[in-house]
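Quick note: numbers below take in every heavy atom, side chains included, and nothing from hydrogens, waters or symmetry partners.
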Number of protein chains: 2
Amino acid sequence: MTGTAFPETVRDQLRARGLRWTPQRRLILDVITSARGHVTGSEFVDRCRERDPDTTPSTVYRTLDVLEELGYLAHSHAADGREEYHVLPVAEHAHLHCSACGGSWEVAADEVGGLVGSLRRDHGFVVDVAHLTIAGRCRNCEAARA
Amino acid sequence: MTGTAFPETVRDQLRARGLRWTPQRRLILDVITSARGHVTGSEFVDRCRERDPDTTPSTVYRTLDVLEELGYLAHSHAADGREEYHVLPVAEHAHLHCSACGGSWEVAADEVGGLVGSLRRDHGFVVDVAHLTIAGRCRNCEAARA
DNA sequence: CGTGTTGTTGCAACGACTCGCAACACGGTC
DNA sequence: GACCGTGTTGCGAGTCGTTGCAACAACACG
Ligand SMILES: [Mn+2]
Ligand SMILES: [Mn+2]
Ligand SMILES: [Zn+2]
Ligand SMILES: [Zn+2]
């Protein structure tokens with residue numbers, strides 16, 4: 001026996017909350033299912049348009065918002081402020097962005113655990129780790145600066 | 001005797017690099033001089049327009065870029081990805097943004113020193129602290145969630 | 001002071017979202 | 001299967017920047 005497929009799980013989750021299952025949402029779920037790693041908002045729009053040229057950006061962005069509220073996605077921002085989405089469930093992580101080469105890396109949640117703990121202790125502030133993007137220079141670019 | 005005024009210092013810095021001192025840059029420097037705390041890019045455009053209605057956005061944004069390269073400004077991004085500028089020289093700091101109430105706080109550079117050190121040690125990554133924005137929930141909003 | 005080089009400006013078009021609103025359609029009900 | 005209430009879509013307009021390009025002007029030089 002196999003478990004329920006991902007899109008069907010989401011469908012049931014939506015309906016359980018009084019939300020609707022539509023062809024547009026179905027398409028976006030298919031795109032998510034075949035995605036790996038980070039995908040920007042506009043890349044989602046492009047990928048949806050490949051399968052349905054009538055895709056509207058606002059519908060895509062609104063659906064991504066809904067799916068994020070349901071916990072199926074998390075977004076962060078690249079160094080230029082643009083959105084990047086991550087499909088869940090995966091290990092929670094933050095991001096490193098090199099402003100010199102544009103490269104991007106993931107950082108495990110426990111690597112920023114010290115900071116998360118001290119901000120909570122000293123300021124009562126609860127960090128959203130998945131949204132955290134740290135800009136700077138990667139090892140190679142820093143070395144190349146010599 | 002008084003030191004050289006801020007705009008004149010910048011003027012000399014620009015000329016020393018083969019860059020030019022223009023009325024538009026002079027105006028932006030005046031706006032910066034009378035600014036306190038965080039100012040977004042579009043707020044800069046608005047404030048310039050108050051003094052000169054002919055101000056063009058692209059000129060403002062390009063000048064802010066130049067001044068950041070010279071080290072007179074630093075920008076970070078609010079939780080929605082929009083730009084925020086800081087006038088320097090001030091103590092280097094990172095930012096906390098509450099995604100519930102929209103509030104914003106500064107975090108001293110040494111409060112994130114542990115993370116900066118471990119990322120450098122473990123990944124060779126050099127963090128740009130001034131660009132760092134940490135999103136989450138502030139003490140009040142976290143308490144109110146109960 | 002003209003003159004020429006080259007950095008800058010203004011403009012228009014574009015990219016990445018965001019929002020209000022009216023038409024539409026999902027899906028629970030009879 | 002028709003009906004209906006409410007969530008959703010598509011659209012147009014708007015916001016916040018970014019970029020290519022031609023006209024312009026700062027300023028070094030003779
Ligand atoms: Mn940035
Ligand atoms: Mn965000
Ligand atoms: Zn790099
Ligand atoms: Zn708050």
With ILVMFWY side chains joined below 4.5 Å, transitively, what does B/Leu119's cluster contain besides itself?
->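 A/Leu96, A/Trp105, A/Val107, A/Val112, A/Leu115, A/Val116, A/Leu119, A/Phe125, A/Val127, A/Val129, A/Leu132, A/Ile134, B/Leu96, B/Trp105, B/Val107, B/Val112, B/Leu115, B/Val116, B/Phe125, B/Val127, B/Val129, B/Leu132, B/Ile134, listed by chain and number.
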Residues clustering with B/Val126 (ILVMFWY side chains joined when closer than 4.5 Å, directly or via others) |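 Its cluster partners, ordered by chain and number, are none at all.
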Is the centre of the A/His86 ring less than 6.0 Å from the centre of the A/His38 ring?
->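 Judged by ring-centre distance (under 6.0 Å), A/His86 and A/His38 do meet the cut-off.
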With a 6.0 Å cut-off on ring centres, are B/Tyr72 and B/Phe6 close enough?
->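 Under 6.0 Å, so yes.
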[atom1] of [X] versus [atom2] of [N]: gap in Å, rounded?
X       : N      : atom1 : atom2 : value
A/Leu67 : D/dT8  : CG    : P     : 11 Å
B/Phe44 : D/dT18 : CZ    : C1'   : 18 Å
A/Leu14 : C/dA25 : CG    : P     : 19 Å
B/Glu84 : D/dG17 : CD    : C1'   : 15 Å
A/Asp12 : C/dG28 : CG    : C1'   : 16 Å

With a 4.5 Å heavy-atom cut-off, do B/Val39 and B/Arg47 have their side chains touching?
->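 In contact.
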With the side chain counted from C-beta on, respond yes when B/Trp21 and B/Asp12 share a heavy-atom pair under 4.5 Å apart, and no when they do not.
->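 With C-beta onward as the side chain, the pair stays apart.
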For the helix from C/dA16-D/dT15 to C/dC30-D/dG1, what is the angle between the axes at its two ends, each from 5 pairs, rounded to 10°?
->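 It works out to 30° between the end axes.
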Quick one: side chain to side chain donor-acceptor pair (under 3.5 Å) partners of A/Thr33, sequence neighbours excluded?
->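 Testing A/Thr33 for side chain to side chain donor-acceptor pair (under 3.5 Å), a comparison that skips the adjacent residues, returns none.
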Does any residue of residues 96-106 of chain B have a heavy atom under 4.0 Å from DNA chain D, and if so, which ones, in number order?
->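 Nucleic-acid contacts, sorted: none.
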What pairs of residues pass the salt bridge (charged side-chain N to carboxylate O under 4.0 Å, His left out) test when at least one of them lies in residues 48-61 of chain A, not counting sequence neighbours?
->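 Qualifying pairs: none.
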Residue pairs passing the salt bridge (charged side-chain N to carboxylate O under 4.0 Å, His left out) test where at least one lies in residues 13-32 of chain A, sequence neighbours excluded |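 Residue pairs passing salt bridge (charged side-chain N to carboxylate O under 4.0 Å, His left out), neighbours aside: A/Glu8-A/Arg26, A/Arg26-A/Asp30.
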Sugar-phosphate atoms are those with a prime plus P, OP1 and OP2; base atoms are the rest. Using that split, label each nucleotide of nucleotides 10-20 of chain C B, S or - for protein heavy atoms under 4.0 Å, 5' to 3'.
-> BB----SSBBB
Residues two or more places apart in sequence or in another chain: which of them pass side-chain contact (heavy atoms from CB on, under 4.5 Å) with B/Asp122?
->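 Result, side-chain contact (heavy atoms from CB on, under 4.5 Å) vs B/Asp122: A/Glu111, B/Ser118.
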Applying side-chain contact (heavy atoms from CB on, under 4.5 Å), name anything that partners B/His97, two or more places apart in sequence or on another chain.
->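 Testing B/His97 for side-chain contact (heavy atoms from CB on, under 4.5 Å), a comparison that skips the adjacent residues, returns B/Ala78, B/Ala79, B/Glu84, B/His95, B/Ser104, B/Thr133.
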Which atoms of nucleotides 27-29 of chain D (N or O only) lie under 3.5 Å from a protein N or O atom, and what are those distances?
residue, atom, partner, partner atom, Å
D/dC27, OP1, B/Arg15, NE, 2.8
D/dC27, OP1, B/Arg15, NH2, 3.4
D/dC27, OP1, B/Trp21, N, 3.0
D/dC27, OP2, B/Arg15, NH2, 2.8

Let me check something: any side-chain donor-acceptor pairs from residues 138-146 of chain A under 3.5 Å, sequence neighbours excluded? List them with distances.
residue, atom, partner, partner atom, Å
A/Arg139, NH2, B/His123, O, 3.4
A/Glu142, OE2, A/Arg145, NH2, 3.4

Report the relative orientation of the aromatic rings in B/Tyr85 and B/Phe44; use parallel for angles under 30°, tilted for 30 to 60°, perpendicular for over 60°.
->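 Answer is perpendicular, since the angle exceeds 60°.
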Determine which nucleotide pairs with D/dG30, using a 3.5 Å limit on both distances of a Watson-Crick or G-U wobble pair.
->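 When the pairing criteria are applied, C/dC1 turns out to be the nucleotide that pairs with D/dG30.
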